[in-house]
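When a ligand or atom number is given, it counts from 1 through the structure's own listing order.
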Amino acid sequence: MVSIDIHYYVMRKFLFFVVLLAVTASRAQDLQLNDREYFERQGVNVLVFSNSFNGGFNDEKNSGIEIIHHGVRTVQGGAVRLNNTPEQWDLVPTMTSRKVDRENGTIEVSLRYADYDFDSRIVVTGKGKSVEIAVWLDKPVPEKLAGEAGLNLEFLPSQYWLKTYTMDGRLGRLPRYATSQTVTRPNEEKPRQFKGFRTYDDRGTGRFVDPLPMAAGHDLTLATDAPERMIRVSSTDAELQLFDGRMLAQNGWFVVRSILPAGKTGKVVTWTVEPNAIANWIREPNIGFSQVGYIPNQPKVAVIELDKADTPKTTASLMRLNADGTATEAYKGGIQTWGPYFKYNYVKFDFSEVRQPGVYYIQYGGTRTNDFLIDEHVYDQITDATTDVWVPIHMNHMYVNEGYRTWHGEPFKEGYLQAPPSDHFDLHRQGETTDTKYKPYELIPGLNVGGFFDAGDFDIETGSNINVVQNFIRTWELFHPQRDETFVSQQQRYVDLHRPDGVPDILQFIEHGTLNLVAQAEQIGHMAQTLSNSILDNYHHLGDAASITDGLHYDPSLKPYEVSADGKRSGTPDDLWAFTTRSPQLDLRAATMFAAAYHALKGYNDNLAERALTQSKRLMAEATELINTSRAARRTQVDEDFSWIDGIEHNPNAKPDKKRQALMARSRKNREQLGDMATNLQLYGATKEKQYLDNFTKQIWDALELNLSMNMQTALDAVPYMDEGYKTKLRPYVEKYNAYVQDFDRQNPYGVPIGLGNWAGVNMVLNFGITVNYAHLYFPDVVSKDEVYRVANWLYGCHPYHNYSFVAVVGAARPKQVFYGNNRADFSAIPGNVAPGLLFRKPDHFENFDDWPFLWGQNEGTIAGNTQYIIFGSSLKNIVNQ
Ligand SMILES: [Ca+2]
Ligand SMILES: [Ca+2]
Ligand SMILES: [Ca+2]
């Protein structure tokens, strides 16, 4: 009996333990609302408006309910939406509240469409391995939106195409290319788009295109053939429809949608969403290293990004590929722990001691990288794709040819019209007056010459074009690159890639940028804000730039699509506009650039050089006068310009002490009286007039005291003009700057400034790289040569998410393959483009898609950024080859 009792007691204890284990194990597999306010289980994160829709560019495909599925953000856009397949400029809801209830495991958001006075609530609740997504209405859907408002969720095409799905048991396969069906409906039925603009050209039909669903039912499983992407969506109270958003726009996603019922309140639509989680899944380590390779004597440290659930290895190996195809272990070394950074853990593998030139790869546990070079010459070509291919392709108002291929014909032959007072979709506006002698819609002659396309779009941003010319001038004056791979004929308006014409390309690029900017100053009288599209439906153009407009002057007396008898005018209002609101600050920037352009172009194109100088003097005088007579405007502008004083390196919340306040006041006053110090320095460089150097010298030391990192570049730019005394005085600041550089090793595993904004931070990283390079060049004993590789490593593959080079670059073993260039619809890149890089998604996710080009925040290279890269790359090459 006793023995039986003991046995029973033990059994009971054991059973209790087994049950406890089972409960704990199944809970661990459930989606839990975590400290970072999203639902989490290993392999699945469900975010509920951690990122809300932002009014700037409307639907950026980065917001609402999002799912990060086995490390990839494959689902977003979960919200009440007004379209079957929302486009970028369709209305987005404003999130008016977000409540996280940790106890009950729910997140509730309130959404509002102010245009329609339409409010809804979405409640997301963790239920085991699923989330329930429910839409609640306190008032019925407004009549105007009945049948239009619905619960939507969007799925990333590049991760779902070619995969199978089932809808209520019926099989289907998601197509590689959009080939479903559409209907047309009267324009009046289409919900209003952003600011009343229209994304489409209805060709005079008065009707818009609406996609039809590919499938409908109540129980949908997507990617039944791919466990890492499999998601089940089911609903008992609403029909699910599956759409292909690419029918309307190449950047559209697959959309699952349920129309909200008309006339109802309360819980109106309920979905159960279950993302599959692969048992025991652990994310593959991301071994960050330079895809361009390493020179023998530089530091070589791979940064390995690991899943939280992964156990770091103790060693890794560097393997050398032999001539006979075999591999030999060249080095085996310990793994050093760096620690957690946002959602992953980081370790490092230092193989700096390997110096023998050769072809290598890294072996870390079961993960083997692609191969890369260690060689003296790895950096030799890093800027060639950008200067020889990317830049000439972005030359506006030219026909651009490469071998058998035409990149684009001559764009905008009809020129530019005076913009009327208006709002705009690319963040511009034309004020109440035109500030010119032209009437709204009148042709401003002579503007269709020179200039560079802004980025993935085709407008001329004047501010960026000023930067571009300045970057080219800087490259020219610092490095005198004689490289000639591009034929440029302004007379023929023809550019041919890989065809030398006897003139250094950089000079031709300076000339091309200056031609447009001088034309603006001459024809308008001051600088335009931008030369840009007048209608939204040709702004999102993807294809040959020459076909954006019809090349014919707009004539409002003709009907749309009608062409005049002489074939020179048309009634289609597609001509681009010049936005001409005058900004003396912009004029001043242009004046500085024109002075520098005069020096660069003299002896090559004397006529243009003289024109630039004339405009420089005139704009300088007029802008100064305007600024002085408009005290109020000047005060505001100066305040704006002084935002840098409380920049990142000082705690913005801390009240500045007395000494700092005095410095700030003096700095402000000096700037008002003497002008911007960097401008003064550029003017000195261009004119060698001593007053400019004095104006600079009076300001630089206070500026360094106030914000060292931001002003170090300007201080270094002055070194060539200064004596040893200046360098001696600058030395302690450079020492402090060196400590600032080192500190990034503590802030993140990659040792460079990492931006967390809505546009990834490549400009900031490039600025940092250029400054470090110049600090090393002028103070090699303070900033060591080892530091100049930080930014190169980051750009060429040593960064989070993946290890591809951010530069579509010559020499990289694995460059990124898709960019948000103007050929993005082809899932392609324009060689030499530099991606913005890692886009941060709140609260803890970095991302750079290489199979989906359409997110500009991570994949769009800009003309200003890419010319900045030319300076960075040129200075790095110079240091390496010294
Ligand atoms: Ca633009
Ligand atoms: Ca040339
Ligand atoms: Ca036209």
Side-chain angles (χ1 to χ4, degrees), residues 56-57 88 201 384 387-389 391-392 394-396 398 400-401 410-417 424-429 441 443 448 451-465 467-468 472 476 481-490 492 494-512 528-541 545-556 558-564 567-577 579 604-605 759 820-822 856 860-865:
F57 292 105
Q88 183 185 340
D201 176 358
D384 295 349
T387 56
D388 300 357
V389 184
V391 169
H394 286 72
M395 292 170 87
N396 200 343
M398 303 293 263
V400 179
N401 183 70
E410 183 192 330
F412 315 126
K413 284 185 180 171
E414 66 266 71
Y416 297 81
L417 306 182
H424 196 241
F425 31 81
D426 195 17
L427 309 184
H428 295 288
R429 62 186 300 277
Y441 306 107
L443 177 73
N448 55 331
F452 295 91
F453 299 141
D454 180 30
D457 49 3
F458 303 89
D459 52 330
I460 289 193
E461 294 280 358
T462 300
S464 299
N465 270 266
N467 285 341
V468 166
F472 282 134
W476 179 245
Q482 300 299 311
R483 194 171 174 87
D484 173 20
E485 280 295 323
T486 311
F487 170 94
V488 181
S489 167
Q490 291 294 340
Q492 295 173 18
Y494 194 92
V495 174
D496 198 13
L497 275 55
H498 318 301
R499 174 190 291 276
D501 62 359
V503 183
D505 299 337
I506 297 279
L507 261 188
Q508 289 169 313
F509 300 153
I510 295 170
E511 175 184 47
H512 195 70
Q529 302 285 322
T530 181
L531 308 180
S532 189
N533 307 64
S534 61
I535 42 173
L536 181 53
D537 76 59
N538 73 15
Y539 172 69
H540 53 58
H541 179 86
S547 60
I548 295 175
T549 62
D550 61 10
L552 309 174
H553 293 293
Y554 172 53
D555 180 347
L558 299 166
K559 292 201 198 78
Y561 316 108
E562 189 184 346
V563 177
S564 63
K568 289 183 175 161
R569 292 164 296 116
S570 88
T572 307
D574 63 1
D575 299 20
L576 268 62
W577 288 350
F579 290 77
Y604 164 59
N605 183 338
W759 179 279
Y820 186 97
N822 57 40
W856 55 86
E860 184 177 22
T862 66
I863 187 73

### Query
Ignoring hydrogens and geometry, is there a side-chain-to-backbone donor-acceptor pair from H553 to D575 under 3.5 Å?
no

### Task
Answer yes or no as to whether an N/O/S atom of E485 is found below 3.0 Å from the Ca ion (ligand 2).
no

### Pairwise side-chain contact, V563 with L552, heavy-atom cut-off 4.5 Å (strictly under)
yes

### Query
Should D388 and R483 count as an ion pair when the cut-off is N to O under 4.0 Å?
yes

### Among the N, O or S atoms of D574, the one nearest the Ca ion (ligand 3)
OD1

### Message
Quick check for you: to the nearest 0.5 Å, what is the distance between H540 atom NE2 and D457 atom CG?
### Response
12.5 Å

### Query
If you stand at the Ca ion (ligand 2) and look out to OE1 of Q508 and OD1 of D501, what angle do those two lines make, to 10°?
100°

### Message
Looking at P560, is its backbone amide N or carbonyl O close enough to the side chain of T572 to form a donor-acceptor pair, meaning the two atoms are under 3.5 Å apart?
### Response
no

### Task
Looking only at N, O or S atoms, find the one in D505 nearest to the Ca ion (ligand 2) and name it.
OD1

### Query
What is the OE2(E414)-the Ca ion (ligand 3)-OD1(D575) angle, to the nearest 10 degrees?
100°

### Task
Hey, could you give me the NE2/CD distance between H428 and Q529, rounded to the nearest 0.5 Å?
8.0 Å

### Message
Classify the ring geometry of F453 against F412: parallel below 30°, tilted from 30° to 60°, perpendicular beyond 60°.
### Response
perpendicular

### Query
What angle, in degrees and rounded to 10°, do you get at the Ca ion (ligand 1) when you join it to OD1 of D459 and to OD2 of D457?
80°

### Task
Please find the N/O/S atom of D484 nearest to the Ca ion (ligand 2) and write down its name.
OD1

### Message
Please report the interatomic distance CD1(I548) to CG(L576), rounded to the nearest 0.5 Å.
### Response
7.0 Å

### Task
Give a yes/no answer: is there an N/O/S atom of P573 under 3.0 Å from the Ca ion (ligand 3)?
no

### Task
Can you tell me, to 10 degrees, how wide the angle at the Ca ion (ligand 3) is between OD1 on D550 and O on L552?
80°

### Query
What N/O/S atom of D454 gets nearest to the Ca ion (ligand 1)?
OD2

### Query
N/O/S of L507 less than 3.0 Å from the Ca ion (ligand 2)?
no

